[in-house]
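Below: the structure, in structure tokens.
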Amino acid sequence: MQPTGLGPFNNGLPILTPQHVAELNLSGPGADDLWRGMRGKWRNRLRRALDGPLTVRESPLDCVRHAPLLHLEQTQRTKRGYSSYPLGFLAAYAETAKDQTYLIQARLNGETLAFMLFLIHGAVATYAIGWTGAKGRRNHAHNLLMWHAITGLRDRGIRRIDLGSLDTDRGRSLARFKLGCGARARPLGPTLLIPPGVRALA
């Protein structure tokens, strides 16, 4: 007999509150709606980037040719102490589904100031990794790249972009960036403790 008193989650005891992920819906009627969905400060930075000197290059991921970019992101991980997709996974994804990788770079005078990598699966694109340096930040390169991704992926038939988890404690500025571009927070389920004798529900 299943114990009672487990609250709304009858298959376990919630021990951690639900995490949230940022999702950007691209299925609206037009790009104008996506533009209006941005927060004011985010949109103003994008305007400055669009009026600035940066150019955008897009291509599939080539782990050999783009090794210097991947190294920059790896160094950033170590410095900031966060984890993300292992390089081995990204390499395997690119090898098996190269046309489903979407790498965009913001460049100035032949130098890459920032990049973002998205992995495409069905009608969804998932943000995988990204990097920018001081020059990129001064030129709002990531705002430019995100807008390019929004419009470019939408033109490819992508209906939703998954921008990953929202951490308003340790990654407040990143969370503001994700929500500022028009993404919405979607709660996931809580972390549950399944007591002995209780059958976990699928």
Side-chain angles (χ1 to χ4, degrees), residues 16-24 38-39 41-42 44-46 48-50 52-95 98 100-120 125-150 152-153 161-183 185-186 188 191:
L16 290 176
T17 56
Q19 290 187 337
H20 289 73
V21 293
E23 293 183 341
L24 182 58
M38 298 172 183
R39 295 183 180 177
K41 289 183 178 179
W42 204 101
N44 289 338
R45 294 187 182 101
L46 173 58
R48 290 196 289 271
L50 289 169
L54 300 182
T55 60
V56 177
R57 173 187 292 179
E58 63 177 58
S59 66
L61 174 64
D62 182 324
C63 288
V64 175
R65 183 160 58 93
H66 297 126
L69 300 183
L70 299 176
H71 176 73
L72 288 171
E73 195 276 334
Q74 285 284 292
T75 302
Q76 178 179 263
R77 289 190 204 191
T78 303
K79 182 178 179 179
R80 297 184 181 178
Y82 68 89
S83 59
S84 187
Y85 291 92
L87 288 185
F89 172 81
L90 297 178
Y93 201 103
E95 183 177 350
K98 189 171 186 177
Q100 300 301 299
T101 62
Y102 184 72
L103 177 71
I104 46 178
Q105 304 175 54
R107 295 171 61 81
L108 179 63
N109 298 325
E111 177 186 3
T112 297
L113 303 188
F115 79 87
M116 288 181 170
L117 173 66
F118 295 83
L119 305 179
I120 299 171
T126 295
Y127 171 80
I129 59 172
W131 169 88
T132 188
K135 291 181 183 178
R137 286 187 289 271
R138 286 196 298 270
N139 287 277
H140 308 296
H142 267 174
N143 297 74
L144 180 65
L145 290 179
M146 182 58 71
W147 177 244
H148 191 90
I150 289 170
L153 290 169
I161 298 178
D162 179 352
L163 294 175
S165 61
L166 289 169
D167 186 346
T168 55
D169 292 327
R170 293 180 299 176
R172 186 171 302 176
S173 62
L174 181 56
R176 282 199 301 265
F177 179 87
K178 293 176 180 180
L179 297 175
C181 74
R186 181 173 68 85
L188 304 177
T191 299

(Q) As a quick check of understanding, evaluate side-chain contact (heavy atoms from CB on, under 4.5 Å) for L46 and M38, giving each step before the final call. (A) CA-CA 10 Å; L46 173 58; M38 298 172 183; 3.8 Å; yes

*asked:* Run F118 and I161 through side-chain contact (heavy atoms from CB on, under 4.5 Å) and show every step you take.
replied: CA-CA 9 Å; F118 295 83; I161 298 178; 3.9 Å; yes

Between I120 and L153, does a side-chain contact (heavy atoms from CB on, under 4.5 Å) hold up when you go through it step by step?
CA-CA 9 Å; I120 299 171; L153 290 169; 4.0 Å; yes

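Relative ring orientation between F89 and Y85 is described as parallel, the plane-to-plane angle staying below 30° on a 0-90° scale split at 30° and 60°. The aromatic rings of F177 and W42 are tilted relative to each other, their planes meeting at an angle between 30° and 60°.
The structure places OG of S165 at 5.0 Å from NZ of K178, a figure rounded to the nearest 0.5 Å. The line from OH of Y93 to CG of L61 is 11.0 Å long, rounded to the nearest 0.5 Å. Within the model, atoms CZ of R48 and CG of L54 stand 13.0 Å from one another, a figure rounded to the nearest 0.5 Å. Note that the CG atom of L174 and the NE2 atom of H142 stand 9.5 Å from one another [nearest 0.5 Å]. Separation of atoms OG (S59) and CD (Q105) is listed at 6.0 Å; rounding is to 0.5 Å. Note that CG of N139 and CG of L113 are 6.5 Å apart. Values are rounded to the nearest 0.5 Å.
Looking only at atom types and distance, the side chain of Y102 has a donor-acceptor partner in the side chain of E58 under 3.5 Å away. No hydrogens or angles considered: nothing links the side chains of T55 and R107 as a donor-acceptor pair under 3.5 Å.
The two residues T132 and A141 make their nearest non-hydrogen contact at OG1-CB, 4.5 Å. Heavy atoms only, all atoms of each residue included: A106 and L145 are closest at N-CD2, 3.6 Å. Across A49 and L144, no two heavy atoms sit closer than the pair CB-CB, 3.9 Å. Taking all atoms of both residues into account, the shortest heavy-atom contact from C181 to I150 is O-CD1, 4.4 Å. The two residues A149 and I104 come nearest to each other via the heavy atoms CB-CD1, 3.7 Å. A pairwise comparison of heavy atoms in L24 and A183 identifies CD1-N, 3.7 Å as the closest pair.
Not a single donor-acceptor pair under 3.5 Å links the side chain of T101 to the backbone N or O of L117.
More than 12 heavy atoms of other shown residues, nucleotides or ligands fall within 6.0 angstrom of atom CD in Q74.
For residues 59-79, the pairs satisfying salt bridge (charged side-chain N to carboxylate O under 4.0 Å, His left out) are D62-K98, E73-R77, with sequence neighbours left out. The salt bridge (charged side-chain N to carboxylate O under 4.0 Å, His left out) analysis of residues 126-145, with sequence neighbours excluded, yields the pairs E111-K135.
Side-chain contact between P60 and L103: absent, with no pair of heavy atoms (C-beta onward) separated by less than 4.5 Å. A 4.5 Å side-chain heavy-atom check between L163 and E23 finds every atom pair outside the cut-off. Side-chain contact between V21 and L166 is absent, with no heavy-atom pair separated by less than 4.5 Å. Residues M116 and M146 meet the side-chain proximity criterion, which asks for heavy atoms closer than 4.5 Å. In this structure, the side chains of L69 and W131 stay at 4.5 Å or more apart for every pair of heavy atoms. Annotation: side chain of I129 is not in contact with side chain of Q76 (no heavy-atom distance under 4.5 Å).
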